[in-house]
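Throughout, a chain's letter reflects where its sequence line sits, starting with A, and its residues are numbered from 1. Reckoned from all heavy atoms, side chains included, excluding hydrogens, waters and symmetry mates.
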2 protein chains.
Amino acid sequence: MVPGSATLSAGHRQILSAISREGPRSRTELAGLLGLSKASISGLVRDLLEQNILCEQELIFGIGRPSVSLAVRADAASFIGISLQQDPAVLLLTDLHGTVHARLELPRLSDPDEAVESLANGIQSLKKEGGDAADRLSGIGIALPGFVSRDRLTCITSTAHGWKNVNIGTALAERTGLPTWVENDANALILGEELFGPLRGSPDFSMLFVSHGIGCAHIVNGRLLRGNSGGAGEISHAPVAIDGFGALPCRCGNKGCLETVSSLLAIGNAARRAELPTDIAELADLAAAGQPDALSILHQAGSAMGIATAQLIQMLDPSHVVVMLDHTLHDSVFGHALMNEAESHILHRTGVKTMIHFRDFAPEGFAAGAASLAARYFIFGPEAG
Amino acid sequence: MVPGSATLSAGHRQILSAISREGPRSRTELAGLLGLSKASISGLVRDLLEQNILCEQELIFGIGRPSVSLAVRADAASFIGISLQQDPAVLLLTDLHGTVHARLELPRLSDPDEAVESLANGIQSLKKEGGDAADRLSGIGIALPGFVSRDRLTCITSTAHGWKNVNIGTALAERTGLPTWVENDANALILGEELFGPLRGSPDFSMLFVSHGIGCAHIVNGRLLRGNSGGAGEISHAPVAIDGFGALPCRCGNKGCLETVSSLLAIGNAARRAELPTDIAELADLAAAGQPDALSILHQAGSAMGIATAQLIQMLDPSHVVVMLDHTLHDSVFGHALMNEAESHILHRTGVKTMIHFRDFAPEGFAAGAASLAARYFIFGPEAG
DNA sequence: GCAAGATGGTTTACCCTCTAAAAAAACCAG
DNA sequence: CTGGTTTTTTTAGAGGGTAAACCATCTTGC
């Protein structure tokens with residue numbers, strides 16, 4: 001059997017995904033976990049070992065014969081992840097564990113043809129830089145702000161790029177010869193977290209990020225929540241301007257939307273109106289030093305995020321909400337207001353509590369998530385979520 | 001093979017659920033639909049015909065040999081559905097198509113033992129009344145307001161009943177000898193809709209109802225959204241008191257929750273404060289006649305529902321939202337305010353629109369949903385979602 | 001009316017996957 | 001070393017699936 005042409009059966013994929021979720025397991029453990037017989041596991045594992053997808057790791061000594069723990073080989077496949085979430089674009093080369101082996105930044109181009117050309121060249125550089133790690137390059141993922149078609153090839157709309165119905169997936173696949181998946185930035189982020197991040201395997205959690213705009217995505221029943229038309233997760237236009245906030249008009253035509261208060265763009269605009277620096281770190285410093293306008297702007301922004309988070313928690317009951325924020329905002333009035341407002345608007349039940357975590361905002365997260373799209377296909381096959 | 005002891009394989013259930021979803025189909029259509037060979041379908045269908053679960057319905061004439069459409073036999077099984085959503089409790093006897101064959105009302109008792117006894121006796125009466133339709137009684141479903149354990153047997157908390165950790169499922173199952181499932185009222189309602197209602201098979205929709213309290217549930221990716229701790233769908237405490245509304249204190253400790261404005265209880269309270277009749281029909285009549293306070297109360301209640309609906313639509317992107325309302329409210333200021341407010345807070349995209357439907361509020365819906373819990377088990381087997 | 005063509009359903013032979021049970025392997029304890 | 005224990009492999013067989021040929025039953029065109 002040719003190593004690259006992995007024709008994996010459903011049984012193989014069950015094992016692969018179980019180990020990739022739960023970490024290294026022995027054959028017998030897998031049998032119990034998957035409800036298959038030891039005989040089946042044995043045969044399936046043999047195939048996966050032959051194909052260099054799994055490896056026998058260490059012996060675990062107990063009472064009888066020691067069990068050998070089986071792990072997914074990191075070098076079984078590698079992937080390219082591209083984030084077009086911000087300018088510059090970030091390209092990563094990752095392995096099957098999600099580890100990054102090479103990194104590249106490129107200017108984010110608006111013209112689709114030029115963008116494809118630039119990305120394809122970037123991928124070539126990554127392959128060189130990655131060396132051995134790029135051996136079994138198996139796919140490309142692209143994360144971008146905007147809506148993506150159901151087949152995950154075409155960007156339907158992206159205001160950031162000015163794109164409408166740009167089939168960048170097929171274009172890049174043809175240019176590079178590698179299967180390519182396109183995904184909304186927030187969706188890519190949470191899918192990466194679900195496959196490789198600390199919350200890997202959690203069936204119900206949400207992620208939010210505060211950037212130029214505000215993004216959000218949900219894992220529900222263990223799967224990405226897309227909604228009827230792929231628009232699930234949109235939280236930017238949640239009505240949050242409650243009593244005491246001035247409701248600003250939004251580009252969507254309404255007033256009091258979340259993104260008119262809490263996005264970095266909105267915060268910058270408010271700072272400019274108050275004749276304060278628009279840089280978020282400087283603003284956070286001023287707030288920490290007690291500057292009243294800075295405090296007010298960030299408090300308002302954080303509170304609005306808190307209300308939206310509370311709405312989210314009430315409606316979806318996730319186990320965790322991860323909020324990706326510029327690190328200067330974590331331990332600031334923004335972060336505290338977010339936490340307080342969220343806490344106070346959640347109906348508490350005994351023994352049940354959604355954890356809200358802050359995490360640093362970094363463009364790498366989107367690129368890693370994009371890479372995980374291709375990894376997901378490698379692991380789960382055509383029926384990947 | 002004993003007809004009652006249906007030991008159905010995954011293949012059998014695939015066929016059963018496909019027909020139950022999509023309506024009557026021929027063998028060849030099923031083969032295409034399920035991706036199985038005609039040979040497999042033929043064998044599986046034979047078993048189901050022998051067990052009197054399917055029947056050959058009509059010949060459909062085309063160019064070649066006519067196809068025989070296969071339908072699920074309504075009398076293949078029957079189910080009891082119990083709604084404890086309101087007082088009185090409603091009990092229904094339904095068949096496998098969701099058709100009601102007998103109906104009974106009972107006082108809703110607070111004492112768990114008495115409630116089980118009363119329900120068990122009620123089920124006996126239903127069986128007599130149902131006659132032939134009760135022949136293959138296969139299970140019981142119970143819908144109640146409150147939280148239900150993960151195994152769907154125990155009511156964890158229900159303020160309406162004053163219950164805490166009442167294992168009514170096991171109790172009724174032991175008393176009647178029939179498998180029993182317990183479910184939150186809103187969840188039962190939407191599961192019934194998903195299996196038997198007009199939106200049957202839709203993978204992404206939500207239902208809301210306005211009763212004494214406000215309930216909500218979501219179908220997402222074709223499955224019920226339960227959340228991490230079974231609390232998904234809670235919308236009663238969504239923060240909706242935006243500028244211009246007075247934010248009333250809520251029993252949950254916050255202010256401005258949806259249920260402080262839009263529930264029938266809240267509407268009644270507001271009416272009493274305004275020295276108006278608390279009956280919802282009378283209030284709607286007064287509003288229709290132009291009484292200012294009645295107009296204001298219902299407008300505010302409807303607007304708040306509209307905002308909550310908009311939050312829901314933005315976050316989940318459902319294809320439909322069904323709002324169950326007292327019929328006097330549909331074409332009233334309440335209904336219009338709901339629609340307007342929802343419309344105005346949704347970010348519109350071209351070609352994409354969530355349909356909002358009103359439907360009559362009736363306790364039968366909850367009982368039918370409860371019955372569908374047992375039907376779901378019959379059709380989908382132990383892995384029923 | 002009757003062959004030709006088209007389509008639906010069934011039968012047959014076979015393959016693949018999974019299972020149960022026995023056997024083999026690998027370790028610990030005395 | 002021997003017996004006990006647990007993991008893994010081997011082996012024989014059952015179950016569920018398929019492809020392909022076959023049969024059944026209609027419409028259509030002459």
Side-chain angles (χ1 to χ4, degrees), chain A residues 1 5-19 22-51 53-72 380-383, chain B residues 1 5-19 22-51 53-72 380-383:
Chain A
M1 166 147 353
S5 74
T7 47
L8 301 181
S9 75
H12 294 125
R13 296 202 183 281
Q14 267 192 80
I15 292 180
L16 194 48
S17 55
I19 297 184
E22 317 258 338
R25 294 287 139 129
S26 75
R27 291 168 175 84
T28 307
E29 284 174 314
L30 285 171
L33 213 59
L34 303 177
L36 294 179
S37 69
K38 293 195 254 181
S40 307
I41 300 290
S42 210
L44 295 168
V45 164
R46 191 192 352 264
D47 300 341
L48 292 170
L49 289 172
E50 271 171 17
Q51 291 190 39
I53 294 175
L54 292 186
C55 60
E56 299 192 325
Q57 214 173 26
E58 45 173 352
L59 291 174
I60 293 168
F61 294 89
I63 295 207
R65 175 173 172 174
S67 58
V68 294
S69 74
L70 301 158
V72 176
F380 300 109
E383 290 102 48
Chain B
M1 170 152 342
S5 76
T7 47
L8 301 180
S9 75
H12 294 124
R13 297 202 182 281
Q14 267 192 84
I15 292 180
L16 192 49
S17 56
I19 297 183
E22 317 258 339
R25 293 288 139 131
S26 74
R27 290 171 176 80
T28 307
E29 284 174 312
L30 285 171
L33 212 59
L34 303 178
L36 295 180
S37 68
K38 291 197 284 179
S40 306
I41 299 288
S42 213
L44 294 168
V45 164
R46 188 187 358 257
D47 299 341
L48 292 170
L49 289 173
E50 272 170 18
Q51 292 190 39
I53 293 175
L54 293 185
C55 61
E56 298 192 325
Q57 211 174 29
E58 46 173 352
L59 291 174
I60 293 167
F61 295 88
I63 295 207
R65 172 175 172 175
S67 58
V68 293
S69 73
L70 300 159
V72 175
F380 300 109
E383 289 102 49

Handout entry: Non-hydrogen atoms of Q14(B) and S17(B) that approach each other most closely
Key = O-OG, 3.2 Å
Exercise for the section: For L59(A) and P66(A), work out which heavy atoms get closest and say how close. Expected result: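 The answer is CB-CB, 4.4 Å.
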Which whole-number value in Å describes the distance from [X] [atom1] to [N] [atom2]?
X: L48(A); N: dT8(D); atom1: CG; atom2: C1'; answer: 16 Å
X: I60(B); N: dT25(D); atom1: CD1; atom2: C1'; answer: 15 Å
X: L70(A); N: dT8(D); atom1: CG; atom2: C1'; answer: 11 Å

Handout entry: Outermost nucleotides of DNA chain C that come under 4.0 Å of a non-hydrogen atom of chain B
Key =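 The contacted stretch runs from dG5(C) to dT11(C).
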Could you go through nucleotides 4-6 of chain D and list every protein N or O atom that sits under 3.5 Å from one of its N or O atoms, giving the distance for each pair?
{"from": "dT6(D)", "atom 1": "O2", "to": "R65(A)", "atom 2": "N", "distance (Å)": "3.0"}

Problem - Separation of L54(A) CG from R25(A) CZ (nearest 0.5 Å) - result: 13.5 Å
Problem - Residues in contact with DNA chain D, drawn from residues 34-44 of chain A - heavy-atom cutoff 4.0 Å - result: K38(A), A39(A), S42(A)
Practice task
Using side-chain contact (heavy atoms from CB on, under 4.5 Å) as the criterion, point out the one residue from I19(A), L8(A), V72(A) that pairs with L48(A).
Solution key: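 Single pass found, and it is L8(A).
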Handout entry: DNA chain C contacts made by residues 24-32 of chain B, counting heavy atoms under 4.0 Å
Key = S26(B), R27(B), T28(B)
Handout entry: G11(A) or L59(A), whichever maps to the more 5' nucleotide of DNA chain C
Key =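 Per heavy-atom nearest nucleotide, the more 5' residue is G11(A).
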Excluding sequence neighbours, so at least two apart, what forms side-chain contact (heavy atoms from CB on, under 4.5 Å) with [X]?
X: R27(B); value: I41(B), V45(B), L49(B), E56(B), V68(B), L70(B)
X: I63(B); value: none
X: A18(A); value: L30(A), L33(A), L34(A)
X: S69(A); value: P24(A), Q57(A), E58(A), I60(A)

Practice task
Report which part of the nucleic acid V68(A) touches: base, sugar-phosphate, or nothing (heavy-atom distance under 4.0 Å, all strands).
Solution key: sugar-phosphate
Problem - Which residues share a side chain to side chain donor-acceptor pair (under 3.5 Å) with E29(B), sequence neighbours left out - result: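 For E29(B), the residues satisfying side chain to side chain donor-acceptor pair (under 3.5 Å) (neighbours in sequence not counted) are S26(B).
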Problem - Residues which pass side chain to side chain donor-acceptor pair (under 3.5 Å) with S40(B), listed by chain and number, not counting sequence neighbours - result: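 Counting only residues at least two positions away or on another chain, S40(B) forms a side chain to side chain donor-acceptor pair (under 3.5 Å) with S37(B).
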Fill in the blank from the handout: Quick note, salt bridge (Lys or Arg N to Asp or Glu O under 4.0 Å) partners involving residues 36-49 of chain B, not counting sequence neighbours, are none
